[in-house]
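So you know, we letter chains A, B, ... as the sequences are listed, proteins then strands, and number each from 1.
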Number of protein chains: 2
Amino acid sequence: MSTTLRSACPIASALDLLGDRWTLVVLRDVLLARKRSFSELAAPEGIASNILSDRLNRLVDAGIVTREPDPDDGRRRIVLPTARGLELVPILLDLHLWGTRHTAGTAKPQLAEWVARDREAAIASFLP
Amino acid sequence: MSTTLRSACPIASALDLLGDRWTLVVLRDVLLARKRSFSELAAPEGIASNILSDRLNRLVDAGIVTREPDPDDGRRRIVLPTARGLELVPILLDLHLWGTRHTAGTAKPQLAEWVARDREAAIASFLP
DNA sequence: TGGACCGCTTGCTTTTCGCAAGTAAACTGT
DNA sequence: ACAGTTTACTTGCGAAAAGCAAGCGGTCCA
């Protein structure tokens, strides 16, 4: 569970945290789709609940999201992005653009177009 | 080896290809450090040779790099990025910036600064 | 011609993933 | 107020992937 530092390279260090099959998909839903609860996040392409639980804990440990009790429903623990988490929005949008151009995933093409045309505005639209 | 399509989301599709511990580290060395041979790429933070071989094959299948015999040394099979691969440079630079700001990886801080100041120029500097 | 080098592959152990089932606490309807 | 449902998990186990060490064929170099 501890972040084993692979090297001094910031790309490798970032990937120690984000470089797996699910973490950035979860963050996509938190940062771009603004999903806030465990059960909303469980939908993503069928992630198993134990994996989702593990990834959320890692993201909390890394200071990318926080979790707080929902005042409206004591069963829920809301997931909220931190400033550090919000700085991942550009990466997610770049991935969206690259994926739209070069993979079979073609959902939300207008978002890709927006990112291509005015990246800064697109990024700002996902900030609080 | 086949690209199992997880969903119509371009982010998920991109991560089907790139979302693991090594692929983007290999691409960092191909795209940013301009490494071209298997043995140069084997250095990255100690990737095992069977894993490197597998990742290079996947990247070739995905059209992100090509491999050609080295005219100067018949043992070598040079790794070259395609246009599709070069479009990953922005993502790698964003990861570098985020990693520099938020992880323990602090190598090449002047690159992060350049990306923050003039992203387009930094990207262009890694194109052929 | 012998030895080193390059790009792998093979076999085996260890770690991680992923599914199914189960559980405690909190909410909801009657 | 009690029964049933929902939420957010945890546990156990089999499957898949990662990682390590060794080996192997082709190529280069002295």
Side-chain angles (χ1 to χ4, degrees), chain A residues 1-7 12-13 15-27 29-30 33-62 65-80, chain B residues 1-7 12 15-27 29-30 33-62 65-81:
Chain A
M1 186 90 28
S2 69
T3 301
T4 313
L5 192 59
R6 207 161 24 167
S7 77
S13 293
L15 291 171
D16 282 334
L17 211 60
L18 309 170
D20 79 297
R21 209 164 174 72
W22 288 113
T23 303
L24 285 169
V25 173
V26 171
L27 286 169
D29 283 1
V30 172
R34 295 178 202 271
K35 295 183 182 174
R36 292 292 177 261
S37 70
F38 190 94
S39 48
E40 280 179 302
L41 293 169
E45 284 83 17
I47 185 173
S49 63
N50 54 343
I51 307 291
L52 175 56
S53 182
D54 176 73
R55 294 305 183 276
L56 286 173
N57 285 328
R58 285 194 209 191
L59 290 172
V60 170
D61 290 348
V65 302
T66 57
R67 302 199 70 182
E68 293 173 22
D70 186 340
D72 298 336
D73 187 340
R75 293 169 299 183
R76 288 199 160 106
R77 293 178 59 213
I78 297 179
V79 179
L80 291 170
Chain B
M1 189 95 22
S2 70
T3 301
T4 313
L5 192 58
R6 205 159 29 164
S7 80
L15 291 171
D16 282 334
L17 212 60
L18 309 170
D20 79 294
R21 209 163 176 71
W22 288 112
T23 302
L24 285 169
V25 172
V26 171
L27 286 169
D29 282 1
V30 173
R34 296 180 202 271
K35 294 183 182 176
R36 291 293 177 261
S37 69
F38 191 93
S39 47
E40 279 179 302
L41 293 169
E45 283 82 18
I47 185 173
S49 62
N50 53 346
I51 307 290
L52 175 57
S53 181
D54 176 74
R55 293 301 127 77
L56 286 173
N57 285 328
R58 285 194 208 189
L59 290 172
V60 169
D61 290 348
V65 302
T66 58
R67 302 199 69 183
E68 294 174 20
D70 186 339
D72 298 335
D73 186 339
R75 292 169 298 183
R76 287 200 161 104
R77 292 179 59 212
I78 297 180
V79 179
L80 291 169

### Query
Can you tell me how far the CZ atom of R21(B) sits from the CD atom of E45(B), to the nearest 0.5 Å?
10.5 Å
#### Entry: pair R36(B)-L41(B): side-chain heavy atoms closer than 4.5 Å
no
### Message
Looking at every non-hydrogen atom in both residues, tell me the closest pair between F38(A) and L52(A) and how far apart they are.
### Response
O-CD2, 3.5 Å
### Message
Please check: side-chain N/O of N57(B) versus main-chain N/O of S53(B), any donor-acceptor pairing under 3.5 Å?
### Response
yes
### Summary
Sorted by position of nearest nucleotide on DNA chain C, 5' first, the leading residue of D73(B) and R75(A) is D73(B)
### Query
Quick one: does L59(A)'s side chain get under 4.5 Å of L27(A)'s, heavy atoms only?
yes
### Query
Between which nucleotides of DNA chain C, 5' to 3', does chain A make heavy-atom contacts below 4.0 Å?
dC17(C) to dC27(C)
### Query
How far does OG of S7(B) sit from CG of D16(B), to the nearest 0.5 angstrom?
7.5 Å
### Task
With a 4.0 Å heavy-atom cut-off, tell me which residues in residues 41-52 of chain A come close to DNA chain D, sorted by residue number.
S49(A), N50(A)
### Task
For the residue pair E40(A) and D29(A), establish whether any side-chain heavy-atom pair is separated by less than 4.5 Å.
no
### Task
Considering non-hydrogen atoms only, spot the tightest contact between L17(B) and A62(B) and give its length.
CD2-CB, 3.5 Å
### Query
Do V25(B) and I47(B) come close enough that some side-chain heavy atom pair is under 4.5 Å?
no
## Note on the structure
The first and last nucleotides of DNA chain D lying within contact of chain A, meaning any atom under 4.0 Å from one of its heavy atoms, run from dT6(D) to dG12(D)
### Message
I want to check something: taking the side chain as every heavy atom from C-beta on, are R77(A) and L56(A) in contact at a cut-off of under 4.5 Å?
### Response
no
